[in-house]
Structure formats: C-alpha cells, structure tokens
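The following block contains the structure, expressed as structure tokens.
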2 protein chains.
Amino acid sequence: MTDSTKGRRGSGKRERLAAAAAEVLHTQGVDRTTLADIARAADVPVGNVYYYFKTKDQLVEAAIDAHGRTLDGLITALDELPTPEDRLKALLNGWAEQRELTAQYGCPTGTLASELDKRADGLDRSIAAVMRTLLDWAERQFAEMGRADARELAFALIAAYQGISLLTNTFRDPELMTIEAGRLERWIDSLARKGPEDDDARS
Amino acid sequence: MTDSTKGRRGSGKRERLAAAAAEVLHTQGVDRTTLADIARAADVPVGNVYYYFKTKDQLVEAAIDAHGRTLDGLITALDELPTPEDRLKALLNGWAEQRELTAQYGCPTGTLASELDKRADGLDRSIAAVMRTLLDWAERQFAEMGRADARELAFALIAAYQGISLLTNTFRDPELMTIEAGRLERWIDSLARKGPEDDDARS
DNA sequence: GTCTATATTGCGATAGAC
DNA sequence: GTCTATCGCAATATAGAC
C-alpha cells in the first residue's frame, strides 16, 4: 500500500474514487456502470478520473483492492474472538445482518466474481484472490477445531453462503438468509459436538 | 408455445436465434454479448434479427425461455426414476458431469440470475421463475421423503449447488464440484436413514 | 420474408486550457 | 493538479432495397 497513493497533494481523491467504485460496482454491476456514475458518486469531475486511473479496468482493480481491504478488516476483527466456533458464528451473524443489502444486490464478492469470471483480463484473478482469503481463513478455523477435512468444510461453508446470497437476491427475500444462517449455525454446533477426526458424514 | 412461432415460413430461424442466444449469453454474459455475436452463432445476418425480435431484451427473454424448457426436459427425465432419493442423486450426477462447463462459465441459471438481478426490467423475474421451478421440484422430492422441512432442504440443496458452481468457476477447478456433489450425496443418504419428521439437525 | 446500408446514441479515452 | 470539450468507436436499432 506504500505507493498506492502516488500523486499526493490531492485530498485522497484516488481513495474516494476507489471506495465509490466498490459501492457502485456492487449495486449496478461492472458492465452497466459508467465512469460518469463512479465520478458522480465520488464527487469528482468525469474527465479528472483519468488523472488517477489510466483505464476503467484499473479503476475496477482498485475497487477490488478496496473491497479486499474491507474484508481483511472484518477478518481481523473476528480473530479477536476466543474460539474458532465463536469466530465462525460471528461471521454467520454478519452475513445475516447484511441480508437486506444482499437481497437487493447480492454478495459483493460473489456478484463481482460471477461477472468478472467471464472476462479474459486479470480482473478475474484479482477477485479470486479475495475469495481465496476468506476461504483460507475459514479453513484455519475448521483446522483449529481439529477437523482433518477443514478444507472441504471451508468450501462447503463459503459455497452455502454464496448460494443462499444468490437465491436471496434472486427472490428478493432477506429471510432466506436468516433461515440458512440458522441452519449453518446448527451445523457448526454439530461439528463441534462430534469433535475432531470425524470426517465422514456431511455434518 | 402455440404462437411462439409467429412468422412461420422461415425454417425456424427464431428458434435458432433463441437457442444460440442461450448458449452465447451463458459463455459471454448478457452485457458483453452483442446482437452480432448471437447472429453469427445462429448463422443469421445481423440486421435480420430485428425481424424476429424487436429489441435485444426480447431476444434475451426468448433465451431464458429456451433455457427454461431445457430444464423442464431434464426434470421430466428425472421423474422417470422410482424414488425421490434416486431422482435427487441423478440431479447431483448431472451437475458433476457438467463440471468442466461450469468451471469455464458457471451455472447457466445462476450466472444469468446474478447478472439480471441488477436490472429493473422484467428479465430478472423471468430467470427467477426458472430458478423457482427447480426449487419447487426439489421441494417435492424432499416432501415425498416425508420431510416436514422440505422447503428449507430444497433451498439448502440448490444454494449449495449455486455456491459451489460459483467457486468452481472462480477457481477454474472442476474437482470442487465433484467433491461437493459427493458430500451432498452423503447428506441425502443421511436424511433417508433418519427417516421422516426428524427436522432438527443440519443433516 | 430477407438482407444491406446507415442513422443514432452513449461511453471510454484524449487534448489541452487553466 | 484540476477540469472542459471533444474525438472515436462500438453497438442498438431503423430505413428501405430486393
């Protein structure tokens, strides 16, 4: 991050653009968002955007980075909690609290990934890296619970979230998220009850 | 479907366009697909498209309908199988067999839903209807297994599939689908073993 | 009914004044 | 460093010949 602020002087317009981009790209989608939309949201004149970003793709990349840092912050906060079960349940809670936003626009990471995965440029790998961060963190929690199949469980957990986010968005029904979060919480409880090395059943 | 072929005479160009659209929209995404792309795939001159569809959105709608009919065919085939467990497992099998395509382009229904849900036009409701068909079918299977929580289970199953499709696509790794399909199969087995009215645990 | 040529629009990107 | 004016292009859509 040391030289991500290159121009200096300006009162963080670059950061404002990246943050505004992250939000607008989430609500409107990448392809349907124009530079004018982002500039307006960041309160920056359109033409001036090109002083900070040479292309639209570079701005999208900056938005992905900004979103990645937001997620890193969330993970850091979760890591304050004492046990892996607490941390995973706190994550579920965060998902449930965001249900209204998810019903309107889907999961920010997931919808970005879905859209960018159809493109040949490097943007698809950037969002994959963000997704990987979350996956690795979840795997660490399951490993700390003593599960030999921590990796599989991590994929199952994140997949369940991404899938219910999509359905919550498709049917515009925030309660779908609440119900699935409850189910996943009982699932984590059942894993803890069984204890380590029981890697057979689904849960 | 009676008057979905209105012009007559022409050797099914309308159907060819809708089928080609369904495929190209899946691989390229809606916004990044031009009418020229679809026309080329259907081997129809660009300008001629407008004889069959007044706008691009109408062609997208026809593509969604075509995809919906494909899914109806799949469901009809599954319903030939004797037990709900057989039918659900056959569905899992179909998903696993499509894993290479999913790794490249994601689930056709899911990626369409993700993209169209950000739009205000009626297209988002059309793809929701397709998703609903699959959900209702799955619910019927669980209900037939005697589960009181059939609806929740149906959402959990489809969400798991949509989520792992997204991850399979994001990481370009078809094996993720294989692993999750195996897990879901064990889950369905465990539901059958427990029998009806056991609606407590995750699985 | 089929196809070509073209009108129209909207957006990414640039030039250059301040 | 900041902003305005504008270029160039791609894509939807239309007009109209065959």
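Keep in mind that what you see is a predicted model, and the values were worked out from it rather than measured. Naming convention: chains lettered A, B, ... in sequence-line order (proteins, then strands); numbering from 1 in each chain.
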* Asked: Nearest of D:dT4, D:dA13, C:dT4 to any side-chain atom of B:Tyr50?
  -> D:dA13
* To do: Mind calculating the distance between CG (A:Asp57) and P (C:dC11) to the nearest angstrom?
  => 17 Å
* Asked: Between C:dC3, D:dT12, D:dC3, which one does the side chain of A:Asn48 approach most closely?
  -> D:dC3
* Asked: How many Å lie between CG on B:Asp37 and P on D:dA11, as a whole number?
  -> 8 Å
* A:Tyr52 side chain: which of C:dT2, D:dA13, D:dT2 is closest? ->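 Taking heavy atoms from C-beta onward, the closest nucleotide is D:dT2.
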* To do: Round to a whole Å and report the spacing from CD of B:Gln28 to P of D:dA11.
  => 10 Å
* State whether the side chain of B:Arg87 and the backbone N or O of B:Gln141 hold a donor-acceptor pair below 3.5 Å, judged by distance alone. => no
* **Closest to side chain of B:Leu35, choosing from C:dT2, D:dC3, D:dA13** =>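 Closest nucleotide to the B:Leu35 side chain: D:dA13.
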* B:Asp43 CG to C:dC3 C1': how many Å, rounded? ->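 Taking atom C1' of C:dC3 as the reference, CG of B:Asp43 is at 13 Å.
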* For A:Leu17 and D:dT2, give me the distance from atom CG to atom P, rounded to whole Å. => 11 Å
* To do: Tell me yes or no: between the side chains of A:Thr83 and A:Asp86, is some donor less than 3.5 Å from an acceptor?
  =>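 Result is yes, a qualifying pair exists.
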* Residue-phosphate contact under 4.0 Å: B:Tyr51 side-chain N/O, C:dT2 OP1/OP2 ->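 The answer is no; no side-chain N or O of B:Tyr51 sits under 4.0 Å from OP1 or OP2.
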* To do: Report the distance from atom CZ of A:Arg32 to atom P of C:dG12, rounded to the nearest whole Å.
  =>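 In whole Å, C:dG12 P lies 13 Å from A:Arg32 CZ.
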* d(CZ, B:Phe53; P, C:dC3) in whole Å ->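 So the CZ-P distance, B:Phe53 to C:dC3, works out to 15 Å.
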* Under 3.5 Å side-chain donor-acceptor pair for A:Glu175 and A:Thr178 ->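 A:Thr178 and A:Glu175 do have a side-chain donor-acceptor pair below 3.5 Å.
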* Asked: D:dA11, C:dG12, C:dT4: which one has an atom nearest the side-chain heavy atoms of A:Lys56?
  -> C:dG12
* Asked: How are the rings of A:Tyr161 and A:Trp95 set to each other: parallel, tilted or perpendicular (split at 30° and 60°)?
  -> parallel
